[in-house]
Every structure is written in structure tokens, then in C-alpha cells.
Chemist: 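Pasting a structure here, questions to come.
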Amino acid sequence: MSTNETTPGDVRDLGLAETGKKRIEWAAEWMPVLKSVREEFIHEKPLAGVRISACLHVTTETANLAIALKDGGGDVVLCASNPLSTQDDVAASLVADFGIPVYAIKGEDNETYYSHIAAALDHKPHITMDDGADLVHALHTDRQDVAQGVFGGTEETTTGVIRLRAMAEEGVLKYPIVAVNDAMTKHFFDNRYGTGQSTMDGIIRATNVLIAGLNVVVAGYGWCGRGVANRARGLGANVIVTEVDPTKALEAVMDGFRVIPMMEAAPIGDVFVTVTGDKHVVARDHFEAMKSGAIVCNSGHFNIELDLESLADMASGRRFVREFVEEYKLRDGRKIFILAEGRLVNLSAAEGHPAVVMDMSFANQALAARHLVVNKSDLTVGVHTVPEEIDKEVARRKLKSMGIHIDQLSPGQVKYLSTWLEGT
Ligand code: ADE
């Protein structure tokens, strides 16, 4: 455990702070929209006195969000949203240089992971900020004592939003939560271009394989899946898509991908990437059918997409052959390689999505937090979308930062769009 005299926390080593600070500053250069929000927050202090418990991937980009929230007057505490995604130098710098308590250590075991979530909840938040809904789950089960003081939350990712909607439908959700994931300026960009690039980055950093010419099987053709499929194709792979949804499967076909069931893909794939959000997408039967040398990874939120228990059961031995590459030697002599223990490969073996795309996601997060404060007495319990004015404002600021101008509707065009009377 490494903590600072004045700022509590549990990070690997405060001695890593200097590297972390430089990397946080580097990311800041690529986050102009979040910077503009931060500048407003410095003047307006919209989060004054608001305790925020954030359960997010502890990366350079998240650090910039946490700093903006603190500059807005927020009293922020951060814990990891995945045991393997923490950047230890960033965690150290947030504690040592920015006075933000962080509970996160890369590679922490499950017990530590949940104890860190508990520590974030000990902060008695007014706002929860989650990525995958583990914090909200803990608050609704073991830590209901904390629920009373919470007036709102935000959720970053598809998996988290699905969990929250299930809670709302069952009538157990206790407060309003804004689904940041569903903002257009979030999932069109972060899920597609962010996951696409960072997943290929994670696979390449972990293995150093040449993607060109390989059969890359992408399970799931949601926003993340289509990003991965397109980037794999760009690197020269023969991309195969597997789907359960007929419309998404059709889209994949018309985008030029080969679409087949996983059972048919299993014997021909060289690399498998799951991005479905569901469990056991690669299951025992699929492992049974794979070629020796197959590389299997997951870029969905939870590691349950791969049935690693069955694989372990089929194996006569296991060893790490490189960092993040675990060889499972099967009894019939085949070898299957699992990356990053089946955890999100993009955040475990690489650094997650690049800052330029997290810029929009986290500007939405910061503005959603302000929205919760301003509207706390009006928002009903349930899952809410990011208001369109926030979403559009993030897009406008991003375009401005890129020096891109667009056209405006003329008064005649506005009128035309509001009438049904004009035809041919
Ligand atoms: N999710 C995906 N990439 C991320 C990043 N770089 N920081 C925080 N959360 C992320």
C-alpha cells in the first residue's frame, strides 16, 4: 500500500508519480473539449461541495476528468473499474500531485478490487460515476447505507447501461443515472474508433504478431465490434464476424465482412476478439475446435465473454509466454493463447482509447455531472439520456478544436423542415 501524508488512497507506488504526471499532461494536450469544460468549471464551481465517487479505468484520460471535476469544486475519489486496467503511474500522480484519493492497483485480485470499491463508497457520494456499474451494484447490495445521500449518477459504458436498465425495470434502482454511453458524441466515436484502434493496439503490443493475412474473428457487430472489424481489415486481416442479431449481421455482410456462426469460425480463426457484452461467447465447444496457436482475447467490459473455466479444465498446463500472453496447453497437444486473462485487452495490454476520443466521452461525463447538480430536484429515478443540447455542444466544441466549420440551415430550410405541405 502506498499513500500520501495528506491524501488517502491505495496505489502501487507513489514514486511513479513523476512519470504519471507527464503522461497526464500529454493526454491533456489531446483533450481540448474537456479543457474548455474545465476552464468553465474553474470559474463557475458548479460542483462545489459535491462528493463524487468515480469507478473508472484509471488512465491518463480519466485523470484529466478527475482534475476537471475537482477544479469544478467536486470532492472526488477514484477507484478502478477493472482489476487490470489501472495505470499505476497515473494513480500515483493523482494522489501525490493532484490530491485526489485513488484506490487502484494494476493486477489487484478480486478481493482488493471490491475493497477499493468499498473505499470509494466510504466517501459517501452525492454522485456516482461508473464504468460497468460495479460501484452502483455494490451500493444497491452490500452498501445500501450510502444510497440515501446520492442524488444522481453517470454510467460510461454499454454493459453498465444494460445492467442499470435491468435494475430500473425491476424497480430496484434508487436514483437517476445519466447514460453517458448513449450520447452520440460518446458511442459513435469512443466505442467505434476508440475500441477499434485500442483493441488492435492491445493485441499487437501483447503478441507482436503481423495481422496482415490472418483470419481475425470478431464476435459482435455493435459499435465496438464494427470498430474492431474495420481496423483489423485496415491492417490486412481477413475479417470474419459472428452475430446473434439479424440486423447487425446484415450490416456486417453489406459492410463486406464474412458472417458465419462461431462454431464454423472456430477452426479457421487465427485471432478471436469478443465484443458482445454477453457471457461464454467463446465456449468449450469452440475451444475444442480451434487450431493450435489460436490467439483469443476479449475487449468487452467483463472477462466472462470467454469460458476460461472450461479452457482451464481442458488444459494439462498453463504458463505465461510473454506479459499478457498465457499459453494453455491442451491434453491433445494443441496450444491456445489467451491475452490479458480475458480482461479488456485494450486497457490491459495497451492504454485504452486514445485521449482525442476520450475527450468527448469525458466532456459528456463532466457536463452530465453539472446537469445532475442543476436538475437534482427534477430528475426522476431511472436511466436518463444525456440532454441533446449537451451532446450537440460537445460536437460543436470538438469541431471548433479541429478548426472545422460547417454549414447552417437558412431560414427557408428551417421552415421547409417544419412543414409537410411542400412536395414535388
Ligand atoms: N475506456 C476505454 N478507454 C479508456 C481510457 N483511455 N480511459 C478511460 N476509460 C477508457
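Just so it is clear, the structure is predicted and the values come from calculations on it, not from any experiment. Atoms within each ligand, like the ligands themselves, are counted from 1 in listed order.
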Chemist: Got a donor-acceptor contact below 3.5 angstrom from the H43 side chain to the E39 backbone?
Modeler: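 Yes: the side chain of H43 pairs with the backbone of E39.
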Chemist: Excluding sequence neighbours, so at least two apart, what forms side chain to side chain contact (heavy atoms under 4.5 Å, CB included) with R396?
Modeler: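 Residues passing side chain to side chain contact (heavy atoms under 4.5 Å, CB included) with R396: K392, E393.
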Chemist: Measuring from each atom of ligand 1, which residues have a heavy atom under 4.0 Å away?
Modeler: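 Protein residues near ligand 1 are H57, T59, E61, T62, L347, E351, G352, H353, M358, F362.
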Chemist: So does E40 pair up with R397, basic N to acidic O under 4.0 Å?
Modeler: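 Result for this pair is yes, salt bridge flagged.
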Chemist: Let me check something: any side-chain donor-acceptor pairs from residues 159-171 under 3.5 Å, sequence neighbours excluded? List them with distances.
Modeler:
{"unit_1": "R163", "atom_1": "NH1", "unit_2": "G132", "atom_2": "O", "d": "2.8"}
{"unit_1": "R163", "atom_1": "NH1", "unit_2": "D134", "atom_2": "OD1", "d": "2.8"}
{"unit_1": "R165", "atom_1": "NH1", "unit_2": "D182", "atom_2": "OD2", "d": "3.4"}
{"unit_1": "R165", "atom_1": "NH2", "unit_2": "D182", "atom_2": "OD2", "d": "3.2"}

Chemist: Any donor and acceptor pair, going by atom type alone, linking the side chain of K70 with main-chain N or O of F98 inside 3.5 Å?
Modeler: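 It does hold such a pair.
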Chemist: My understanding is that only residues two or more places apart in sequence, or in another chain, count here; which of them pass salt bridge (charged side-chain N to carboxylate O under 4.0 Å, His left out) with R226?
Modeler: E251
